[in-house]
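Have a look at the structure below before the remarks.
Just follow the structure's listing: the first ligand is 1, and inside any ligand the first atom is 1.
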Amino acid sequence: MRITVRSLLLCSTLCARVSAHWAADSKQQPIVHHQGPLGDNNDDDEKTPVYRTSLLSLHRALVDVPSISGSERSVAILLEKILTDYNYTVELQRLSSTKPSSDENDESHARYNVLAWPGRNSDRTFHNRVLITSHIDVVPPYIPYAINGTPIAPGSPYDFSDITSNTFISGRGSVDAKGSVAAQITAASLLWSSPSIHASDVMLLFVVGEETSGQGMKFFSSSLSNHTSPPGGQRPQFRAVIFGEPTENKLACGHKGILGGSIFAKGKAGHSGYPWLGKSAISVLVRALDKLLSADLGSSERYGNTTVNVGFIEGGVAANVIAKEAKARLAVRIAVGNQTTGGEIVAEGIRKVLRETDEEALGLELVAGYGPVECNCEVEGFETMVANYGTDVPNLHGDHVRYLYGPGSILVAHGDDEGLRVRDLEDAVEGYKRLIKHAVEDSA
Ligand SMILES: *[C@@H]1O[C@H](CO)[C@@H](O)[C@H](O)[C@H]1NC(C)=O
Ligand SMILES: *[C@@H]1O[C@H](CO)[C@@H](O)[C@H](O)[C@H]1NC(C)=O
Ligand SMILES: *[C@@H]1O[C@H](CO)[C@@H](O)[C@H](O)[C@H]1NC(C)=O
Ligand SMILES: *[C@@H]1O[C@H](CO)[C@@H](O)[C@H](O)[C@H]1NC(C)=O
């Protein structure tokens with residue numbers, strides 16, 4: 001892999017204006033730095049990629065800024081500045097408020113998707129591009145950026161020259177999904193400036209709300225209907241969409257579907273000493289849940305078993321009162337059917353369990369879900385995997401080829417120890433470069 005000189009002018013120099021610590025990080029950096037013995041690991045033969053410092057500075061800047069779902073404004077504005085400095089044409093897409101009561105003009109609660117097109121003053125078109133996308137929101141709580149376990153105060157300078165490919169970087173969002181965001185921006189910029197792709201081949205999209213209900217991607221998807229091309233014509237159609245989520249740099253062949261909902265049990269209150277005079281909603285609910293947890297809700301070769309998590313239970317008023325009401329909330333991971341049919345197949349399986357337990361006492365309320373989501377994993381040179389988690393893939397409507405790929409492991413993504421190694425990020429840059437080129441050439 002060769003990189004042109006122009007492509008080296010990424011974050012190290014350009015993003016200096018963006019934030020204080022960014023400037024501090026980059027000032028002390030020659031863009032190409034030492035490639036000497038790298039120390040404690042087996043990568044003595046490994047070359048330090050020329051973009052290491054810019055990639056790590058970008059990643060750090062994103063992780064430093066808290067962006068728990070619902071409070072993504074600061075990170076969106078940071079990204080707008082960064083991408084503008086990278087010579088992209090950037091648009092902040094403001095989500096219209098979902099709560100009618102909240103003040104539409106209250107800027108502090110504004111939520112923005114970040115859209116970017118390569119080139120200054122580029123045409124903001126969608127049709128026929130390869131969309132490179134991930135999300136900028138994270139789960140709570142905020143965990144500061146740290147290198148090999150040592151937190152680095154936001155805004156303080158950091159000299160990345162001692163970093164090796166084995167260095168461990170942690171912090172909330174470092175994996176899910178700011179690792180993907182930083183690697184995607186780096187890869188797209190390198191390809192475009194080399195130039196291996198044309199500016200009109202791709203665009204970037206970083207959305208909010210993926211960790212909750214996908215509001216950001218859903219809003220973007222519906223906004224596409226407002227961008228007909230030519231005006232008055234068809235809804236724009238992407239050639240392919242590359243979704244960034246932690247897949248350990250493997251290309252996902254798809255992920256399980258999801259169905260959420262609640263089971264309600266109704267009983268009759270009474271004195272606990274005379275249970276036959278009442279009916280315990282809790283007893284009914286517990287029997288139903290027990291059956292549900294051992295029920296076969298469908299399986300498939302690719303996705304394994306449908307699984308049920310009962311994540312929340314409540315009911316009753318006191319130990320000595322027969323419970324009149326009880327409720328359980330479920331998250332079901334669907335392994336059967338397809339994206340359209342999987343939800344209903346599993347919903348029917350749940351209803352059957354409730355009917356067999358106590359049809360009269362039990363009720364079900366489901367939140368619309370989707371069945372297993374297929375992605376394209378037939379690209380040479382990638383290991384493949386199947387994911388058990390949900391993504392924004394089903395929230396973007398359209399008839400495009402879908403890829404799901406990114407650095408880091410989902411197994412740490414929402415934990416206290418969320419983090420990855422430098423090599424994971426760098427491998428992801430290389431992976432995204434190959435994937436973007438493949439998507440551009442394949443669909444040309
Ligand atoms: C951005 O554009 C300017 C003006 O054309 C150029 O000098 C600079 O090198 C470009 N930056 C990148 C990262 O390509
Ligand atoms: C699409 O355009 C309509 C009419 O201008 C507007 O009311 C609606 O909010 C727009 N939707 C999005 C998602 O931008
Ligand atoms: C799937 O469920 C069946 C029982 O219904 C069980 O025998 C099997 O081990 C499960 N497979 C996995 C991968 O958990
Ligand atoms: C899902 O399966 C149904 C029934 O097998 C089929 O009619 C439908 O076209 C499929 N949908 C997709 C998106 O594959």
Side-chain angles (χ1 to χ4, degrees), residues 3-18 22 26 29 31-32 50-51 53-55 57-58 61 79-90 116-122 182 184-199 202 204 241 253-257 259 290-309 332-350 352-353 368-376 385-389 393-402 429:
I3 292 170
T4 66
V5 172
R6 198 166 90 84
S7 70
L8 306 183
L9 299 173
L10 292 177
C11 236
S12 306
T13 46
L14 290 170
C15 300
R17 277 161 283 162
V18 170
W22 200 312
S26 31
Q29 295 300 330
I31 292 164
V32 184
V50 286
Y51 53 76
T53 302
S54 69
L55 170 66
S57 304
L58 169 56
L79 253 189
E80 179 190 29
K81 288 186 184 138
I82 291 171
L83 290 167
T84 303
D85 281 352
Y86 273 48
N87 289 339
Y88 286 81
T89 297
V90 187
W117 294 262
R120 289 272 163 89
N121 303 313
S122 295
Q184 287 180 328
I185 294 172
T186 304
S189 304
L190 289 169
L191 286 178
W192 164 45
S193 57
S194 26
S196 305
I197 58 172
H198 194 266
V202 299
L204 305 178
V241 184
C253 300
H255 64 77
K256 280 184 173 174
L259 185 67
D290 184 46
K291 276 193 193 174
L292 190 62
L293 289 171
S294 53
D296 179 0
L297 292 173
S299 57
S300 58
E301 202 175 315
R302 182 179 274 197
Y303 299 102
N305 289 345
T306 299
T307 60
V308 177
N309 181 59
V332 185
R333 305 289 170 168
I334 301 173
V336 286
N338 61 30
Q339 198 177 317
T340 321
T341 60
E344 183 46 36
I345 295 171
V346 169
E348 186 43 37
I350 299 173
K352 181 162 173 276
V353 168
Y370 51 82
V373 173
E374 258 187 68
C375 297
N376 184 327
M385 57 93 77
V386 171
N388 288 352
Y389 53 85
V393 176
N395 294 330
L396 179 59
H397 300 292
D399 188 20
H400 43 258
V401 179
R402 311 186 287 196
V429 172

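Taking the side chain as every heavy atom from C-beta outward, Ile82 and Asp85 never approach each other to under 4.5 Å.
There is no protein heavy atom less than 4.0 angstrom from atom 5 (O) of ligand 3. Within a 4.0 Å radius of atom 12 (C) of ligand 3, the protein contributes one or more non-hydrogen atoms. Within a 4.0 Å radius of atom 2 (O) of ligand 3, the protein contributes at least one heavy atom.
At least one donor-acceptor pair closer than 3.5 Å links the side chain of His255 to the backbone N or O of Tyr389. Using a distance-only test at 3.5 Å, with no hydrogens or angles considered, no donor-acceptor pair links the side chain of Ser122 to the main chain of Thr89. Of the possible donor and acceptor atoms, one in the side chain of Arg302 sits under 3.5 Å from a partner among the backbone N and O of Cys253.
Heavy-atom contacts of Thr341 reach the following atoms of ligand 4: 1 (C), 2 (O), 3 (C) (cutoff under 4.0 Å). Those atoms of ligand 4 that come under 4.0 Å of a heavy atom in Thr340, given as number and element, are 11 (N), 13 (C).
Other residues, nucleotides and ligands place more than 12 heavy atoms under 6.0 Å from the NZ atom of Lys291.
The shortest N or O to N or O distance between Asn87 and ligand 1 is under 3.5 Å.
For Tyr86 and Trp192, the gap between ring centers reaches or exceeds 6.0 Å.
In terms of protein heavy-atom proximity, atom 8 (C) of ligand 3 is closest to Asn305 ND2, 3.7 Å. For atom 14 (O) of ligand 4, the nearest protein heavy atom (residue, atom name, distance) is Asn338 ND2, 3.2 Å.
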